[in-house]
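First the structure, in the form of structure tokens, and then the observations on it.
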Amino acid sequence: MSSTAGQVIKCRAAVAWEAGKPLVIEEVEVAPPQANEVRVKILFTSLCHTDVYFWEAKGQTPLFPRIFGHEAGGIVESVGEGVTDLKPGDHVLPVFTGECKECRHCKSKESNMCDLLRINTDRGVMLSDGKTRFSKNGQPIYHFVGTSTFSEYTVVHVGCLAKINPAAPLDKVCVLSCGISTGLGATLNVAKPKKGQSVAVFGMGAVGLAAAEGARIAGASRIIGIDLNSSRFEEAKKFGVTEFVNPKDHDKPVQQVIAQMTDGGVDRAVECTGSIQAMISAFECVHDGWGVAVLVGVPNKDDSFKTHPMNLLNERTLKGTFFGNYKPRTDIPDVVEKYMNKELELDKFITHAVTFSEINKAFEYMLHGKSIRCIIRMDA
């Protein structure tokens with residue numbers, strides 16, 4: 001075990017004291033891991049739109065002070081009682097959803113939605129005892145989605161850690177902890193386009209670009225990007241996108257535009273915006289008889305999906321996905337290997353890098369639409 005095992009560690013963390021206010025670099029105390037927990041030294045982390053959304057507390061019950069962050073790569077510092085498949089020194093990716101390997105979902109080959117460790121944005125404490133592992137001068141600081149990677153050390157349930165190849169560069173593969181894997185898996189695991197087929201991707205943000213990357217890997221002949229912001233189209237070419245449609249440029253529904261472009265519809269469509277209209281368009285733009293549409297974006301709670309039943313009866317298939325249907329502990333190590341084998345191109349997702357002390361710059365880049373992913377180096 002490490003020399004700090006069983007001890008409280010003092011380290012730097014970027015604390016959100018209030019919703020929407022700049023994070024403050026503080027010295028915090030990180031308690032040792034309890035049963036089925038692991039304390040991880042975070043080396044690199046990345047900012048995801050989910051962090052920004054809950055930091056702004058849009059439509060959410062504020063839970064502050066809090067340590068955000070859920071895309072990261074690090075090294076195991078120490079393990080709690082009952083942890084047998086990880087040891088100090090192992091390289092890991094914390095993941096916002098988990099795999100307990102015991103529940104019905106985890107034992108199913110068709111699901112990755114763990115009953116025990118499914119994402120919970122409202123819970124700011126650990127499962128084992130309902131307490132937080134972070135504090136400052138005795139004041140508790142809450143966790144975020146069980147990861148809280150905006151800290152030099154964090155404590156994570158063992159089921160939310162993917163053990164990876166130690167040769168993989170953590171400053172690159174850390175982005176596989178959330179959005180990139182979600183979009184990639186939505187295409188490769190759920191839409192499953194065949195070589196030579198056409199794929200439409202709604203939304204050219206990080207998740208949509210990852211969905212396009214999946215279509216490129218699958219050998220799609222046409223990858224059509226749909227976005228309301230035409231400035232994103234040039235960047236999307238790097239991810240295999242061959243054609244672009246801005247719905248604002250047309251006086252008819254975009255699904256009709258795509259159907260005309262593709263002689264009746266695309267073979268596969270992946271929706272990555274959360275817009276209910278984009279979801280409907282994605283489903284209605286796939287070809288009857290064999291078309292498959294996959295919904296990835298998270299809609300507003302009051303939205304409802306409406307389409308004519310004939311669109312289903314004409315043998316179009318509508319699917320949803322969570323984290324690209326990847327089981328974190330089982331599957332993410334293989335995704336890392338895709339990068340190591342040069343099958344998956346990750347570097348093009350990383351547009352900016354900052355030091356930990358400059359973490360608020362990462363928020364500025366995200367809020368102004370300048371970055372796909374910004375890497376935050378924790379030791380600087």
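- Side-chain atoms of Ser181 and Ile332, non-hydrogen and from C-beta on, do get closer than 4.5 Å to each other.
- The closest donor-acceptor contact from the side chain of Arg66 to the backbone of Ala16 lies at 3.5 Å or more, if one exists at all.
- Just one residue in the list Ile276, Thr273, Val257, Val254 forms a side-chain contact (heavy atoms from CB on, under 4.5 Å) with Ser281, and that residue is Val254.
- A donor-acceptor pair is defined here as one N or O able to donate and one able to accept, closer than 3.5 Å; such a pair exists between the side chain of Thr242 and the backbone of Ile223.
- Between the side chain of His368 and the backbone N or O of Lys370, no donor-acceptor pair lies under 3.5 Å.
- Salt bridge status for Glu99 with Arg329: absent, with no side-chain N to carboxylate O gap under 4.0 Å.
- Closest non-hydrogen pair, Val125 versus Thr132, comes out as CG1-N, 3.9 Å.
- Between the side chains of Glu71 and Ser46, at least one donor-acceptor pair of N or O atoms lies under 3.5 Å.
- For the pair Arg216 (side chain) and Val241 (backbone), a donor-acceptor distance under 3.5 Å is absent.
- The salt bridge (charged side-chain N to carboxylate O under 4.0 Å, His left out) test with Glu234 singles out one residue from Lys238, Lys237, Arg232, and that residue is Lys237.
- A donor-acceptor pair under 3.5 Å is formed between the side chain of Trp55 and the backbone N or O of Lys21.
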Before giving the answer on side-chain hydrogen bond (donor to acceptor under 3.5 Å, both in side chains), spell out for Asp51 and His70 the whole-Å C-alpha distance, their side-chain angles and the decisive distance to 0.1 Å. CA-CA 8 Å; Asp51 297 307; His70 64 286; 2.9 Å; yes

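- Using a 4.0 Å cut-off between charged nitrogen and carboxylate oxygen, Asp303 and Lys301 do not count as a salt-bridge pair.
- Side-chain N/O atoms of Ser357 and Thr355 include a donor and acceptor closer than 3.5 Å.
- Using a 4.5 Å heavy-atom threshold, the side chains of Pro94 and Cys160 count as separate.
- Atom CD1 of residue Ile119 and atom CZ of residue Phe322 lie 5.5 Å apart, to the nearest 0.5 angstrom.
- The closest side-chain donor-acceptor pair between Asn311 and Thr307 falls under 3.5 angstrom.
- With a 4.5 Å cut-off on side-chain heavy atoms, Phe68 and Ser148 do not count as touching.
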Full working for ring pair (Phe, Tyr, Trp, His ring centres under 6.0 Å) between Phe349 and Phe239: CA-CA 9 Å; Phe349 287 96; Phe239 300 84; 4.8 Å; yes

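- Contact of the Val15 side chain with the Val28 side chain is registered, since non-hydrogen atoms from C-beta on lie closer than 4.5 Å.
- No option in Val175, Val207, Val173 other than Val175 meets the side-chain contact (heavy atoms from CB on, under 4.5 Å) test with Ile180.
- With values rounded to the nearest 0.5 angstrom, Glu152 atom CD is found 10.0 Å from Ile9 atom CD1.
- Under the 4.0 Å criterion applied to side-chain N and carboxylate O atoms, Glu213 and Lys348 are assigned as salt-bridge partners.
- Ring-centre distance between Phe144 and Phe96: not below the 6.0 Å cut-off.
- In summary, the side chains of Tyr365 and Asn360 do not present any donor paired with an acceptor at a separation below 3.5 Å, with no hydrogens or angles considered.
- Judged by distance alone, the side chains of Asn112 and His105 never bring a donor and an acceptor atom under 3.5 Å apart.
- Open room surrounds OH on Tyr142; 12 or fewer heavy atoms of other groups in view lie less than 6.0 Å from it.
- When the shell of 6.0 Å around NE2 of His49 is examined, it contains 12 or fewer heavy atoms from other residues, nucleotides or ligands.
- Contact of the Ile280 side chain with the Pro253 side chain is not registered, since no non-hydrogen atoms from C-beta on lie closer than 4.5 Å.
- Tested against Arg133, the residues Gln34, Glu37, His143, Glu29 include a single side chain to side chain donor-acceptor pair (under 3.5 Å) partner, Glu37.
- Lys327 places a side-chain N or O within donor-acceptor distance of the main-chain N or O of Ser111, the cut-off being under 3.5 Å.
- Of the possible polar contacts, one joining the Thr147 side chain to the Gly69 backbone as a donor-acceptor pair under 3.5 Å is found.
- With contacts defined as side-chain heavy-atom distances shorter than 4.5 Å, the pair Lys172/Asp347 qualifies.
- Using a 4.5 Å cut-off on side-chain heavy atoms (C-beta onward), Leu127 and Leu116 make contact.
- The number of heavy-atom neighbours closer than 6.0 Å to CG of Asn341, taken from other residues, nucleotides and ligands shown, is above 12.
- For Arg316 and Glu284, the salt-bridge test fails: no basic side-chain N is under 4.0 Å from an acidic carboxylate O.
- For Arg373 (side chain) and Ala353 (main-chain N/O), no donor-acceptor pair under 3.5 Å exists by modelled atom type.
- Between Glu27 and Lys136 there is no salt bridge, since none of the side-chain N atoms of the basic residue sits less than 4.0 Å from a carboxylate O of the acidic one.
- In this structure the side chain of Ile226 reaches within 4.5 angstrom of the side chain of Ile258, judged on heavy atoms.
- In summary, Glu77 and Lys41 do not engage in a salt bridge, as defined by a charged side-chain N under 4.0 Å from a carboxylate O.
- The backbone N or O of Asp302 lies less than 3.5 Å from no partner atom in the side chain of Asn300, so there is not a single donor-acceptor pair.
- Taking CG of Asp331 as the reference point, atom CG of Asn325 lies at 8.0 Å (rounded to 0.5 Å).
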